[in-house]
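Just so it is clear: chains get the letters A, B, ... in the order the sequence lines come, proteins before strands, and each one is counted from 1. No experiment lies behind these values; they were computed from the predicted model shown. Computed over heavy atoms, backbone and side chain alike; hydrogens, waters and symmetry mates excluded.
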Protein chains: 2
Amino acid sequence: MKTETKNKLIQQAAVIKALSHPTRLLIVDMLSKKNICVCEITKAIGNDMSTVSKHLSVLKNSGLVDITRKGNQIFYNLKCPCILEFMDCIAKVAKVTAKEKIKQISCCARKRA
Amino acid sequence: MKTETKNKLIQQAAVIKALSHPTRLLIVDMLSKKNICVCEITKAIGNDMSTVSKHLSVLKNSGLVDITRKGNQIFYNLKCPCILEFMDCIAKVAKVTAKEKIKQISCCARKRA
DNA sequence: TGTCTATTTTGCCAAATAGCCAAATAGATT
DNA sequence: AATCTATTTGGCTATTTGGCAAAATAGACA
C-alpha cells in the first residue's frame with residue numbers, strides 16, 4: 001500500500017476515533033443545537049470538569065470542533081456539521097445490532113435450558 | 001440523562017469505535033467494492049492473519065459486516081453500505097485537520113527560529 | 001499588581017487495545 | 001476416521017484511554 005494512502009487512513013481513523021465515545025457523541029449532539037461553554041457541557045454530562053475538558057480537547061484535536069472565547073468562558077462549536085448526517089446510519093446499525101445481540105442471548109438461554 | 005438515551009449513545013459509540021482503526025477502514029473500503037475472504041484481506045493488509053481476523057471480528061460484532069461460508073473460505077460483506085457516505089465527510093475533516101497541523105508546526109518552527 | 005473564575009494540564013491507576021506467535025477449531029476432502 | 005486448509009482463539013507484552021483530584025494557566029476585572 002502507498003504511504004500516502006496509509007497516512008490518509010490513519011488520519012481518517014483518528015477523526016472517527018474522536019467520535020467513538022458516548023460522552024463525545026453527546027457533546028457533538030449538544031453542539032449541533034447550540035454553541036455552549038465548558039461549564040454548561042459539564043453540567044449536562046455530570047463528570048468532573050477535567051474529564052469533560054479532556055474529551056473536548058480530543059474533539060478539538062481531531063478538527064471536529066472549534067472554540068471562541070467570550071469573556072472568561074470558552075464556547076465550543078461544531079466545525080463540520082456534515083458528521084450529523086452520518087449519525088442516522090450509525091444509529092440504524094446500532095439498533096439492528098442491539099436487537100441481534102438480544103436474540104443471541106435468548107437463543108443461548110434456550111440451549112442451556 | 002435517561003438510561004435509555006445513555007444506552008443508545010453507548011451502542012452508537014461502539015459502532016463508531018469499530019470503524020476507528022486504519023486497518024478496519026481499509027477493510028471496509030475493500031468490502032465496499034467486493035465481498036472477499038480473510039486470506040485475500042490478509043494479503044492486502046500485510047499483518048498476521050490472526051490480527052486481521054481479530055479486526056474482522058470487531059467489525060462483525062459491531063454489526064457492520066456479515067459473513068458467508070463458501071467451501072472452506074469465509075467471505076465478509078458490508079451489511080450497511082450507508083456508512084460509506086459518511087466517509088466523504090470524515091475525509092474532508094481529516095484533510096483540513098492535517099493541513100492545520102502542518103501550519104501549526106511551521107508556525108512553531110518560525111517562533112523558535 | 002493581585003485576585004477571581006473558567007478552563008486546562010498533570011499525575012496516577014485500572015481497564016482496554018493491537019500486535020505477534022502458538023494452539024485450537026470447523027468444514028472439506030481423502 | 002485422518003488429514004488438510006482457512007480461520008479463530010488464547011496468551012503475552014507494550015501502549016493507549018478514561019476517570020478523578022490537585023495543581024497550573026489564561027484572561028477578566030478590581
Side-chain angles (χ1 to χ4, degrees), chain A residues 1 6-7 9-28 30-31 35-62 64-77 104 108 111, chain B residues 1 6-7 9-28 30-31 35-62 64-77 104 108 111:
Chain A
M1 201 185 351
K6 208 173 172 178
N7 283 339
L9 286 171
I10 291 172
Q11 286 159 7
Q12 291 174 8
V15 175
I16 297 176
K17 194 170 193 175
L19 282 172
S20 73
H21 190 283
T23 298
R24 295 197 289 266
L25 280 186
L26 180 55
I27 293 174
V28 166
M30 287 193 283
L31 294 182
N35 298 348
I36 40 182
C37 65
V38 183
C39 57
E40 250 188 286
I41 298 172
T42 302
K43 251 187 267 166
I45 287 176
N47 279 348
D48 195 277
M49 184 182 269
S50 70
T51 302
V52 173
S53 177
K54 264 187 200 170
H55 283 305
L56 286 167
S57 87
V58 170
L59 287 171
K60 187 149 57 93
N61 280 326
S62 76
L64 286 163
V65 306
D66 223 344
I67 59 173
T68 326
R69 179 176 276 274
K70 273 188 196 159
N72 53 2
Q73 288 179 320
I74 294 187
F75 282 75
Y76 278 77
N77 65 281
Q104 277 170 28
C108 290
K111 268 188 188 165
Chain B
M1 200 185 349
K6 207 173 174 178
N7 283 338
L9 286 171
I10 291 172
Q11 285 159 9
Q12 291 174 9
V15 174
I16 297 176
K17 194 169 193 176
L19 282 172
S20 73
H21 190 285
T23 298
R24 295 197 289 268
L25 280 186
L26 179 56
I27 293 174
V28 165
M30 288 193 282
L31 294 182
N35 298 348
I36 41 183
C37 64
V38 183
C39 57
E40 252 188 285
I41 298 172
T42 303
K43 254 187 268 168
I45 287 177
N47 278 347
D48 195 276
M49 184 182 270
S50 71
T51 302
V52 173
S53 176
K54 272 180 193 171
H55 282 303
L56 286 167
S57 88
V58 170
L59 287 171
K60 186 150 57 92
N61 280 328
S62 75
L64 285 164
V65 305
D66 224 344
I67 59 172
T68 327
R69 180 177 276 273
K70 272 187 195 158
N72 52 4
Q73 289 180 319
I74 294 187
F75 282 74
Y76 278 78
N77 64 280
Q104 278 170 28
C108 291
K111 268 188 189 167

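For A:K17, whose side chain is taken as the heavy atoms from C-beta onward, the closest listed nucleotide among D:dT17, C:dT8, D:dT8 is D:dT17.
Atom pair B:I67:CD1 and D:dT7:P shows a separation of 11 Å (rounding to whole Å applied). If you measure from atom CG of A:L19 to atom P of D:dG18, you get 12 Å, rounded to the nearest angstrom. Spacing between atom CG of A:N61 and atom P of D:dT16 amounts to 15 Å, rounded to whole angstrom units. Per the geometry, NZ belonging to A:K60 stands 12 Å off C1' belonging to C:dT9, to the nearest Å. Here D:dA26 presents its C1' atom at 19 Å from NZ of A:K70, a figure rounded to the nearest Å. For A:I45 and D:dG18, the CD1 to C1' distance is 13 Å, given to the nearest whole Å. If you measure from atom CD1 of B:I10 to atom P of D:dG18, you get 14 Å, rounded to the nearest angstrom. When rounded to the nearest whole Å, the span between CG of B:L25 and P of C:dA18 equals 12 Å.
A heavy-atom distance below 4.5 Å is found between the side chains of B:I16 and A:I16. Between A:I45 and A:I27, some side-chain heavy-atom pair lies under the 4.5 Å cut-off.
Distance check, rounded to the nearest 0.5 Å: CG of A:N35 to OH of A:Y76 gives 12.5 Å. Between atom CG of residue A:L26 and atom NZ of residue B:K6 there is a gap of 10.0 Å, rounded to the nearest 0.5 Å. A distance of 11.5 Å separates CG of B:N77 from CG of B:L64, quoted to the nearest 0.5 Å.
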Protein within reach of the bases, or only the backbone? For nucleotides 19-30 of chain C, mark each nucleotide 5' to 3' as B, S or -, using heavy atoms under 4.0 Å.
BBBB----SS--

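Phosphate contact (OP1/OP2 of C:dT8, side-chain N/O of A:Y76, threshold under 4.0 Å): present.
For the pair A:S20 (side chain) and A:K17 (backbone), a donor-acceptor distance under 3.5 Å is present. Counting only distance, with no hydrogens or angles, the side chain of B:R24 and the backbone of B:L59 share no donor-acceptor pair below 3.5 Å.
If you check every strand for non-hydrogen atoms under 4.0 Å, B:F75 touches nothing.
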